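Just so you know, these numbers come straight off a predicted model, no measurement behind them. Chain naming here is simple, since letters A, B, ... match the order of the sequence lines and numbering starts at 1 in each.
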Number of protein chains: 2
Amino acid sequence: MDQSEQSAPPAQTVPVQATPVPKGAVPAQKGTVTQRAIEQIKAMIGEGLLEPGQRLPTERDLATQLGISRSSMREAIRALTVLGVLEARHGSGIYVTQLEAGDLLETFGVVADLSRGPRLVELLEVRRVLESTATALAAARITPDQLADVEKHLAAMNATDDPEEILSHDLAFHRAIALAAGNDTMAAILEGLSSRTFRARVWRGYQEEGAFERTRREHARIHRALVARDPEAARAAAAAHVGEVEDWLRGQLEG
Amino acid sequence: MDQSEQSAPPAQTVPVQATPVPKGAVPAQKGTVTQRAIEQIKAMIGEGLLEPGQRLPTERDLATQLGISRSSMREAIRALTVLGVLEARHGSGIYVTQLEAGDLLETFGVVADLSRGPRLVELLEVRRVLESTATALAAARITPDQLADVEKHLAAMNATDDPEEILSHDLAFHRAIALAAGNDTMAAILEGLSSRTFRARVWRGYQEEGAFERTRREHARIHRALVARDPEAARAAAAAHVGEVEDWLRGQLEG
DNA sequence: CGGCCGTAGTGGTCGGACCACATCTCTGGC
DNA sequence: GCCAGAGATGTGGTCCGACCACTACGGCCG
């Protein structure tokens, strides 16, 4: 193709340069073509040229506009898709996501899934900090409806012995609290830090040591603090709750 | 449709594909081919089949192994590349990153860059929580060397009036503190929350209101707390520091 | 009028070709 | 004998064109 801009030795051929790049002055060839396309689309969104939910031109058109091949453009789109910025609907088109916390922070789960060893402890440390804050905020702001939701999962968790179901309601319990805290971004991060595979990996060993009962007690304490609308008690209870797992895991790593 | 005539090969309708994968036990056709490839590679890493730093087979081989085209495989690789899981070196090969916090949390900056309005406040709220904790931890753990590094940036920041340079050292100041806290994951998240474009966007307006002097005072207070090895003071100072910006931004949004 | 169905348009996949870069190998001069 | 340079090899990067799978729209028929 015409991407052979600096052909030095065999200085002929040169079929049709054409170069659809009007802006002379330093083409600024930085990084790969695909990388540039990613940045450009991101910039378009950043500058407000592309609104959330809006549909983009077709892959073919986009590729033409940026002067690259469809293949490269597809890679760029794929990249932005996994980042939660774009959404491709087969047969329909490519759309900008709502760019909400949940969309963009979904990739956070990957971190949790691929981390192991010491980093798991670090992640739990981050979770402890955020979870305790979120629980404290929830204690101050939670509405009756939201509290009912929390209690629903608390009850369901205590009503079964199936580990899988317990884990499921455990996650929902904390998720409901995080949502009640009123900071969607924080909730989304916590969601990632509690991703299913992450919890499952740690939980497997943790609950083998009869931690069920303790978990229930800790959850009950968190719940009491929410009912009492006592942020400080809620913060302490949540911190202790996560701290328990944290300590256990830390002990596991040391042997 | 854009393509009309066929190449006129007689016998057709017979899928020349033949699918190199025997239809043995349920192909499990979930999602797109590329998406599956992404999951499979992720799983390989998760299961330890691929160690950090290790080199992967070539794109062509990988594509063959998973029974997909090179194009699709490339999209999968590109996706994992932007997620910080893989690293492609032109002419050399594809490698698994060290899977360190910095590698995986780089995408966090995208969130900050693409967020606006109320979500910016939420992000600052998260930053306040983490930054104050990190600063408190640093007060208890910082080494003389690390403290010297912090002081270097503090001095450099006070020695200039160039906004660009101030911002630069401001970031480095907080980065050094976060590193001293001893939790790389937390530091990486804070790094993302303070990404250059994010700070620049908020800073632009903030420092127009003569916030320079206040910022310097707040930094000095944080520094004093570090020197005094007083975690509680450090926590308070950091929280107040971020809180200032947070309040200002909140006020901006309300009009 | 409404549901069915065809069709145009879109993303998804494929295969092949070539280019740019990194690395190793082999050569030839010193 | 040694090492620099030229070449060969292999890898990711880019491009093209064809075709498949799905969706959405609109006209046709009952």
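- For B:Arg55 and D:dG10, the CZ to P distance is 12 Å, given to the nearest whole Å.
- A salt bridge does not link B:Arg250 with B:Glu254: none of the charged nitrogens is closer than 4.0 Å to a carboxylate oxygen.
- As a whole-Å value, the separation of A:Arg78 CZ from C:dG11 C1' is 10 Å.
- Rounded to whole Å, atom P of C:dA22 lies 16 Å from atom CD of B:Glu59.
- When heavy atoms are screened at a 4.0 angstrom cut-off, B:Ser71 is found touching base atoms of the nucleic acid.
- Summarising the local packing, CD of B:Glu87 is surrounded by more than 12 heavy atoms from other residues, nucleotides or ligands at distances under 6.0 Å.
- B:Thr133 places a side-chain N or O within 3.5 Å of a backbone atom of B:Val129 that can act as its donor or acceptor partner.
- Judged by atom type and distance alone, B:Arg60 does not reach the base of C:dG16 through any side-chain donor-acceptor pair under 3.5 Å.
- Contacts of B:Ile94 with the nucleic acid, taken as non-hydrogen atoms under 4.0 Å apart, involve only primed sugar atoms and P, OP1 or OP2.
- Following rounding to the nearest Å, A:Glu75 (CD) and C:dG12 (P) show an atom-to-atom distance of 13 Å.
- Residue contacts shown for B:Thr58 are limited to sugar-phosphate atoms, with no base heavy atom under 4.0 Å away.
- The stretch residues 85-93 of chain B comes close to DNA chain C through B:His90, B:Gly91, each having a heavy atom under 4.0 Å from the strand.
- B:Arg78 contributes no side-chain N or O that, together with a main-chain N or O of A:Ser72, makes up a donor-acceptor pair within less than 3.5 Å.
- If you take CE of A:Met73 and C1' of C:dG12, they are 16 Å apart, rounded to a whole angstrom.
- The interatomic distance linking A:Leu62 (CG) with C:dG9 (P) rounds to 18 Å, in whole Å.
- A distance-only check finds no donor-acceptor pair linking the side chain of B:Arg199 to the backbone of B:Thr197 [under 3.5 Å].
- Atom CZ in A:Arg74 sits about 15 Å away from atom C1' in D:dC16, given to the nearest Å.
- Of all heavy-atom pairs between B:Ala79 and B:Val82, the closest is O-CG2, 2.9 Å.
- Ring geometry for A:His153 against A:His169 counts as tilted: the plane angle lies between 30° and 60°, on a 0 to 90° scale.
- B:Arg70 places its CZ atom 7 Å from the C1' atom of D:dG13, with the value rounded to the nearest Å.
- Contact annotation: B:Ser72 side-chain N/O to C:dG12 OP1/OP2 distance is not under 4.0 Å.
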